[in-house]
There are 2 protein chains.
Amino acid sequence: MRLPNHIGVIPDGNRRWAVDNGMTKDKGYRAGLDPGLELFKLCEKEGIKEITYYGFTVDNTKRPTIQRLAFTTACIDAVNMLSKENAELLVVGNTESPMFPNALIPFTLKRQTFGKGGIKVNFLVNYGWQWDLKEYLSQNEDKKDVLNLIKSRDISRVDLIIRWGGRRRLSGFLPLQSVYSDFYIIEDYWPEFNPEHFYDALKWYDRQDVTLGG
Amino acid sequence: MRLPNHIGVIPDGNRRWAVDNGMTKDKGYRAGLDPGLELFKLCEKEGIKEITYYGFTVDNTKRPTIQRLAFTTACIDAVNMLSKENAELLVVGNTESPMFPNALIPFTLKRQTFGKGGIKVNFLVNYGWQWDLKEYLSQNEDKKDVLNLIKSRDISRVDLIIRWGGRRRLSGFLPLQSVYSDFYIIEDYWPEFNPEHFYDALKWYDRQDVTLGG
């Protein structure tokens, strides 16, 4: 089976799930923590080399404060959970804004090995595609690959993007690493995560060709 | 009905269609010309304001010469066909490479009005996402929107991307204008274009929300 090296995860639908289950929208994020850990363990088991979680974006921070605090807390908790696993962890996002949680600053400085290391895990926190690309404006090195000039340059090209919650869009997720990614959409909401989602995505990916335009 | 302002068109599957119909791969491109015009007329009729066709990319030019010549000829013919319509036409791509057809150079200089004008039509010819983004490296203006700093800056944000031929990826199509685009995939090959594809895509788009991350 041809496996993706790098999987991008867009864990959408937390708010819709909360409302469908009689809760206020902010209550949806906490329910996304266990799925995140479960997916990590499945990736580890299957030998995936890199995984990137879409935590929250600069755009997301315009939402009501109660929601913003809830998804920020969920991201802090998620990164702390992952730091108890065997992983090489890096948090990427705009740390210069007050929306960035101080608790995660240490994870942004360089990729750190936890436990025995192994799978690379990137977690996007207060990430913005404009923020990501503006960095390389100041690093004019004409001959280099654009991918080496952006703020998220420690994150490699994404092979497979899995999005929960039925929407068929990137929503600003790593635009340059995603230029050749295959998109797999799951209608279920992220808190409804189920290992079958992951295996269906891998089976589907195995049937795609990789041409990079050639 | 909520209509997209700007539709991106990825007309894929020409080669697979040719092979399925007992022809060599290069013969598939010519069969994509009539669909392109038909789709243009449908967009015009429904009041779409802008349409971008993915002609060919820098990556595509690595294909066998007979195919390269065939898709280049098809792009020249397509642009000439569109220039007989009421449209505001612009060709965007790397004109400094020998892969760019001389016949299309006049269309790259500025957007030109044909007939009574109206719908904006962008045609990507020898387009490369690295080429597109490298331009703005030399235009360091910190406060500006990145979208105003790239080579394809005359092309606005894309609302809906329709891809024929079943693949679920962007393949380098305008990565910055596509950050919030909704993707609609049609399994049929581009030469099998059918107005129903277009109307199904519009109906689907009407059911999506537009949040831009908010």
Side-chain angles (χ1 to χ4, degrees), chain A residues 12 16 54 56-64 127-147 149-150 158-161 163 166-185 204-205 207-214, chain B residues 12 16 54 56-64 127-147 149-150 158-161 163 166-185 204-205 207-214:
Chain A
D12 195 24
R16 286 173 282 162
Y54 210 17
F56 69 88
T57 67
V58 172
D59 292 328
N60 295 157
T61 62
K62 295 167 199 151
R63 295 178 185 169
Y127 173 84
W129 64 273
Q130 292 252 10
W131 164 83
D132 193 4
L133 302 187
K134 274 193 173 162
E135 169 74 350
Y136 83 92
L137 286 174
S138 57
Q139 299 197 10
N140 193 345
E141 296 178 51
D142 233 22
K143 297 285 152 74
K144 282 178 83 175
D145 189 305
V146 174
L147 279 171
L149 298 174
I150 56 179
V158 180
D159 301 302
L160 169 65
I161 294 172
R163 181 169 185 144
R167 287 180 181 146
R168 293 162 188 264
R169 59 178 82 138
L170 281 171
S171 301
F173 179 83
L174 299 172
L176 301 197
Q177 287 93 338
S178 302
V179 290
Y180 297 117
S181 307
D182 283 302
F183 304 140
Y184 188 80
I185 309 295
W204 174 82
Y205 181 78
R207 296 194 308 267
Q208 309 309 305
D209 63 338
V210 176
T211 64
L212 305 180
Chain B
D12 194 25
R16 286 173 282 162
Y54 210 17
F56 70 87
T57 67
V58 172
D59 292 329
N60 295 156
T61 63
K62 296 169 199 149
R63 294 179 186 169
Y127 172 86
W129 65 274
Q130 293 252 10
W131 164 83
D132 193 5
L133 302 187
K134 274 192 173 165
E135 169 74 350
Y136 84 91
L137 287 173
S138 58
Q139 299 197 10
N140 193 345
E141 295 178 50
D142 233 22
K143 299 283 153 75
K144 283 177 81 173
D145 189 305
V146 174
L147 279 170
L149 299 174
I150 57 179
V158 180
D159 301 302
L160 169 65
I161 294 172
R163 182 170 184 144
R167 289 179 180 146
R168 294 161 188 264
R169 58 176 82 138
L170 282 172
S171 302
F173 179 83
L174 299 172
L176 301 197
Q177 287 93 337
S178 303
V179 292
Y180 296 117
S181 307
D182 283 303
F183 304 140
Y184 188 81
I185 309 295
W204 175 81
Y205 181 78
R207 296 195 308 268
Q208 309 309 304
D209 64 338
V210 176
T211 65
L212 304 181

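Proteins come first, then strands; the chains are lettered A, B, ... in the order of their sequence lines, and each starts at number 1.
Between F183(B) and F183(A), the ring-plane angle classifies as parallel under the 30° and 60° cut-offs.
Of the listed residues (W204(A), F56(A), F173(A), Y184(A)), the greatest number of heavy-atom pairs within a distance under 4.5 Å of chain B belongs to W204(A).
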Take R169(B) and D182(A), measure what salt bridge (Lys or Arg N to Asp or Glu O under 4.0 Å) needs, and give me the verdict at the end.
CA-CA 5 Å; R169(B) 58 176 82 138; D182(A) 283 302; 2.9 Å; yes
Residues R168(A), Q208(B); criterion side-chain contact (heavy atoms from CB on, under 4.5 Å); working and verdict
CA-CA 9 Å; R168(A) 293 162 188 264; Q208(B) 309 309 304; 5.9 Å; no
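Checking side-chain atoms of Q130(A) against main-chain N and O of V146(B) turns up a donor-acceptor pair under 3.5 Å.
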